[in-house]
Chemist: 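Quick one: this structure, given as structure tokens, is what I'll be asking you about.
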Amino acid sequence: RKEVEQDPGPFNVPEGATVAFNCTYSNSASQSFFWYRQDCRKEPKLLMSVYSSGNEDGRFTAQLNRASQYISLLIRDSKLSDSATYLCVVNSNYQLIWGAGTKLIIKP
Amino acid sequence: GAVVSQHPSWVICKSGTSVKIECRSLDFQATTMFWYRQFPKQSLMLMATSNEGSKATYEQGVEKDKFLINHASLTLSTLTVTSAHPEDSSFYICSARVAGGGTGELFFGEGSRLTVL
């Protein structure tokens, strides 16, 4: 089992819709969690950290479920510009473990 | 946010040649830089952690004699792919952590796409 797993997608979603995807991790002692966004052939950029209590930043909501060992990312009112690959990152034993990413395609 | 510049963005080379990739922190000092490699549709894989003034720490399976890392100053780390082969073709990305920043506060270079013919 991979340490961090994501559904590769692609998720094809109409503009304006709400989309959510999860990321599971295997190490129950993982300390912190992040979502990064990566556009095609570009470097990853931090989208948001994931806090235990859940957090929201505009149209984006991130949640952590320690019992089931997954984090989630919810995007509301999706925009064409949200099309990208979303990478889940888990800080496990002080190392950052990257998921392979979930590809999201927003269609007009 | 902090800026990390990586150069070159694209490089095509012949098999057997060496390629150097530079990673610079433009507006901050980076005592630690990280080098990643990303194959198509795969996750970023950490290759090595570069510490200013000391030897880099390589991840398991990464050949230190093939991937030479030099971090001679607080703003520059270089990765040299020696005797490159087609299987080394990949997207190489560096990142740096701002001193005192949280574990997730990494700033990435633009990446270097290496194609070995």
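This is a predicted model, so every value here is computed, not measured. In what follows, chains are A, B, ... by sequence order, proteins preceding strands, each numbered from 1.
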Chemist: Chain B heavy atoms under 4.5 Å from A:Pro8: which part of the residue, side chain, backbone, both or neither?
Modeler: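 Contact with chain B: none, neither part.
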Chemist: B:Val19 and B:Trp10: same hydrophobic cluster, using ILVMFWY side-chain contacts below 4.5 Å?
Modeler: no
Chemist: Contact part of B:Leu44 toward chain A, heavy-atom cut-off under 4.5 Å: side chain, backbone, both or neither?
Modeler: both
Chemist: Between CZ of B:Phe108 and NZ of A:Lys42, what distance do you get to the nearest 0.5 Å?
Modeler: 15.0 Å
Chemist: Which residues in residues 97-107 of chain A have a heavy atom less than 4.5 Å from any heavy atom of chain B?
Modeler: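 Residues of residues 97-107 of chain A touching chain B at under 4.5 Å: A:Trp98, A:Gly99, A:Ala100.
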Chemist: Out of curiosity, does B:Met47 fall in the hydrophobic cluster containing B:Val11 (side-chain heavy atoms, cut-off under 4.5 Å, transitive links)?
Modeler: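 Yes, B:Val11 and B:Met47 fall within the same hydrophobic cluster.
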Chemist: Does the side chain of B:Gln38 come under 3.5 Å of the side chain of A:Gln38 through a donor N or O and an acceptor N or O?
Modeler: yes
Chemist: What part of B:Gln42 lies closer than 4.5 angstrom to a heavy atom of chain A: side chain, backbone, both or neither?
Modeler: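 Just its backbone gets close to chain A.
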Chemist: Check this for me: B:Phe39, atom CZ, are more than 12 non-hydrogen atoms of other residues, nucleotides or ligands nearer than 6.0 Å?
Modeler: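 Yes, enclosed.
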Chemist: In terms of heavy-atom proximity below 4.5 Å to chain A, should B:Tyr36 be classed as side chain, backbone, both, or neither?
Modeler: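 The side chain, not the backbone.
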Chemist: Sorted by first residue and then second, give each ring pair (Phe, Tyr, Trp, His ring centres under 6.0 Å) pair with at least one member in residues 41-85 of chain B; sequence neighbours left out.
Modeler: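 For residues 41-85 of chain B, and leaving out neighbouring residues, there are no ring pair (Phe, Tyr, Trp, His ring centres under 6.0 Å) pairs at all.
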Chemist: Identify whether B:Ile21 and B:Ile93 are in the same connected component of the hydrophobic contact network (ILVMFWY, side-chain heavy atoms under 4.5 Å).
Modeler: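 Different clusters: B:Ile21 never reaches B:Ile93 through Ile, Leu, Val, Met, Phe, Trp or Tyr contacts under 4.5 Å.
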Chemist: Spell out, yes or no, whether B:Leu46 and A:Phe34 are grouped together once hydrophobic residues are joined by side-chain heavy atoms under 4.5 Å, including indirect joins.
Modeler: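 Same cluster: B:Leu46 reaches A:Phe34 through Ile, Leu, Val, Met, Phe, Trp or Tyr contacts under 4.5 Å.
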Chemist: Is there a chain of hydrophobic side chains (I, L, V, M, F, W, Y, each step under 4.5 Å between heavy atoms) that links B:Leu76 to B:Phe107?
Modeler: no
Chemist: Got B:Ser43 and A:Val4 here, is their nearest side-chain heavy-atom distance under 4.5 Å?
Modeler: no
